[in-house]
Amino acid sequence: MTDSPPIALQGLSVDFLSAGEPPARALRDVSLTIPPRSIVGLVGESGSGKSTVAMAMMGLLAPNARVGAGRIDVGARRIDCTDGAALAGLRGRDFAMVFQDPSASLNPTFTIGAHLHEVLRTRSPGATRAERQERAIEALRTVGIDRPDARMRNHPHELSGGMRQRVVIAMALLARPRLLIADEPTTALDVTVEAQVMAEIVALRDQIGCSILLITHSLGLVARYCDHVSVIYAGEVLEYGPVAEVVRAPAHPYSADIFACDIEIDAPRAPAAADQRFRIIPGNLPSLRDLPAACIYAPRCRKAVPACMAGHPALLPLTDEPERETRCILAR
Amino acid sequence: MSEALGIIWRRVLTGALTVVGAITLLFLLIRFVPGDLASILYGPRVTDALRASLAERMGTDQPLPVQLVLFLSHAVRGDFGINVISGRPILDEILGVLPNTLALAFSALGLSLLIGFPLGALAAVRPGSLADRILGVLSVVLITTPSFVVAILLLLVFSLALDWLPVAGAGTPGDPVDQLAHLILPTTALAVGWIGYLARLVRASLLEVLAEAHVRTLRAYGVPEWRVILIYALRPALIPVVAILGMALGDLIGGALFAELIFGRPGLGTLAYNAVVSRNFAVVQATTTVIVLVYVTANIAVDILSGLIDPRFRRTEGEAAR
């Protein structure tokens, strides 16, 4: 797996249509590179479009969404993101997903076992019922569920939130995808369970050798678990690079600002944060229906200069660190 | 399993209480109906002696509480007394016509489900399509048209104008084809409203489930769309539909009583109607008791069915009873 090419998302644009209004341009030219076996964090605040990226890659966008452009490279295949049928072909085989709310992501009228069997029915059509049962129980045991054979007969409401999330991770284990998209997998769980669930997700990567796209608003999770991070703001990727580098020296003022807001990350580095307790970025997200031909962050940016308003900057590599990319013209 | 049996047992017990309560209420309500059997039977020739002897034979000379206790204690043993007009045991008369009424109510329920369910499901799978919009209008028309209007229209068209189907009666006993032919028009008249209602309910319910996160999970794992809809979305979508079935059956039995009068079908409806007209209280009581029994039994069956479909229902029922 290590020598296979990275999974790459290229130039994804998504609009949301609503009657009587101009379309909301939710994603514009979003690109991501996910190297084999790596964990890439997609970090952004609420409304930045990070979950829309996941849903577009899975081909599971809401009916009012229109994919304008986009391409996914998986192995030797190039999938057009506007081709719903092609994306459907990736689901459950190349891509799988862990969702934000484990209390709603399993069908309340079916047993845990039914969910796991269904994944195997898709993934290993030749397997007998007995084989599927054996593999499903094994998967539950692997993700740390005790008495897995009894749990197979339970319904979702009989399990805790953490256990339910482990069941979805077990589904991913059985699906053996190339890429697991984890969309805020621990947001609905309490902190002690968060660490356990993240540990299972990392263990899943180690076991089946997949890549992981971790969608989160938690910079703490990014710093702890991710190899690369992509910072998304108002539907645009503003910065991409190795986590250590991005945290040490952000190449975009927005990255620097959100790191300054995060007490957890900031505490050892900036004593000022401890004084102020909570730092906020003044201003609001721009309207996605009426975008300026300028840097999207310029109106809120502390470092903005007149040139920032002169045109829309592209996502380009840094001159002395080519594996890092930023949209900020001041960083070049 | 024993827990499930306990829940069912408690449900049957509350059902029995409902039956006793309903019978008591109906028993008292019937007494407020003015007029008496003797005046209706004998007309102007009625004397106090005739009235007293009839009251004695029917037991209506006893105080009301005594009558109620007597009625309940006999009813428990399946004894509803003798019909003073026909001289036959009331239970035999009811059992003789009950199959006609149940056949009508259940076939109407079956027809409503058979047509309403697929219509609603199709509309939910393609919301906003032409079929969905046609159904939206059609269902309102079906719901708002009173079944007696449909019944009369059906009679005019299929019995009188086209002469395809019989006008009245329940068909020759022992001749299933003839009985079925007699069932078609009243069943259709009764089912029309529920077809529209069930179609709307199934559409709304399935649409809601299809938007839920667990459906997205299965799609994310590549489960084929037909399996997602027909297996995994349909079961939770059934929950509100099953919950309404008990009410539907009650409504259809009530509707069957009217349909029997329009179509001249022997059944509980004709029996109860004639008894009310002649103030034959014993028969009215017996028929209403049987209708209450059927209704409560249907609702217990619906609760058990709901528990089979939705495991959360089992638990909340069990915990509520504890």
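Please read these numbers as outputs of a predicted model, since none were measured by experiment. The sequence lines fix the lettering, A, B, ..., with proteins before strands; numbering per chain opens at 1.
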J.: Compare every heavy atom of A:H115 with every heavy atom of B:L218, then report the nearest pair and how far apart it is.
T.: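 Taking B:L218 first and A:H115 second, the nearest heavy atoms are CD2-CD2, 4.5 Å.
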J.: To the nearest 0.5 angstrom, please state how far the OG1 atom of A:T109 sits from the NE2 atom of B:H214.
T.: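 Here the rounded value is 7.0 Å.
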J.: Looking at residues at least two apart in the chain, or sitting in another chain, which of them share a salt bridge (Lys or Arg N to Asp or Glu O under 4.0 Å) with A:E194?
T.: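 Counting only residues at least two positions away or on another chain, A:E194 forms no salt bridge (Lys or Arg N to Asp or Glu O under 4.0 Å).
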J.: Within residues 292-299 of chain B, which positions have a heavy-atom distance to chain A below 4.5 Å?
T.: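 Residues of residues 292-299 of chain B touching chain A at under 4.5 Å: none.
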J.: What is the minimum heavy-atom distance between B:T217 and A:M171, and which atoms define it?
T.: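 That would be CG2-CE, 4.0 Å.
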J.: Looking only at heavy atoms, which two atoms of B:A220 and A:M97 are closest? And how far apart?
T.: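 Taking every non-hydrogen atom into account, CB-CB, 4.2 Å.
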J.: At a 4.5 Å cut-off on heavy atoms, which part of A:R121 comes close to chain B: side chain, backbone, both, or neither?
T.: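 When you check distances to chain B, only side chain atoms of A:R121 fall under 4.5 Å.
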J.: Ignoring hydrogens, what is the shortest heavy-atom contact between B:R219 and A:L60? Give both atom names and the distance.
T.: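 So the two residues come closest at CB-CD2, 3.7 Å.
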J.: Could you tell me which portion of A:A172 (side chain, backbone, both or neither) has an atom closer than 4.5 angstrom to a non-hydrogen atom of chain B?
T.: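 Both backbone and side chain.
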J.: With chain B as the partner, which of A:G59, A:P156, A:S105 has the greatest number of non-hydrogen pairs under 4.5 Å?
T.: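 Option with the greatest count: A:S105.
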J.: A:R91 versus B:Y221: any side-chain heavy-atom pair under 4.5 Å?
T.: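 No - every pair of side-chain heavy atoms lies 4.5 Å or more apart.
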J.: Does anything in residues 188-210 of chain B reach chain A? List residues with heavy atoms under 4.5 Å apart, or say none.
T.: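 None at all.
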J.: Yes or no on side-chain contact (heavy atoms from CB on, under 4.5 Å) for A:M55 and B:R216, after CA distance, side-chain angles and deciding distance?
T.: CA-CA 10 Å; A:M55 289 304 157; B:R216 187 186 58 186; 3.5 Å; yes
J.: In terms of heavy-atom proximity below 4.5 Å to chain B, should A:A175 be classed as side chain, backbone, both, or neither?
T.: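 Side chain only.
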J.: Which residues in residues 224-246 of chain B have any heavy atom closer than 4.5 Å to a heavy atom of chain A?
T.: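 When heavy atoms of chain A are the reference, residues 224-246 of chain B contributes B:P224, B:R227, B:I231, B:Y232, B:R235, B:P236, B:I239 within the under-4.5 Å range.
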J.: Which heavy atom of A:A104 sits nearest to which heavy atom of B:A213, and what is that distance?
T.: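 Heavy atoms of A:A104 and B:A213 come nearest at O-CB, 3.4 Å.
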J.: A:T122 versus chain B, heavy atoms under 4.5 Å apart: side chain, backbone, both or neither?
T.: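 Side chain of A:T122 only, per the 4.5 Å heavy-atom cut-off to chain B.
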J.: Looking only at non-hydrogen atoms, find the nearest pair between A:P108 and B:P311 and report the distance.
T.: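 Looks like O-CG, 3.3 Å.
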J.: Check whether more than 12 heavy atoms from other residues, nucleotides or ligands sit under 6.0 Å from atom CZ of A:R153, and answer yes or no.
T.: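 Open: at most 12 neighbouring heavy atoms sit under 6.0 Å from CZ of A:R153.
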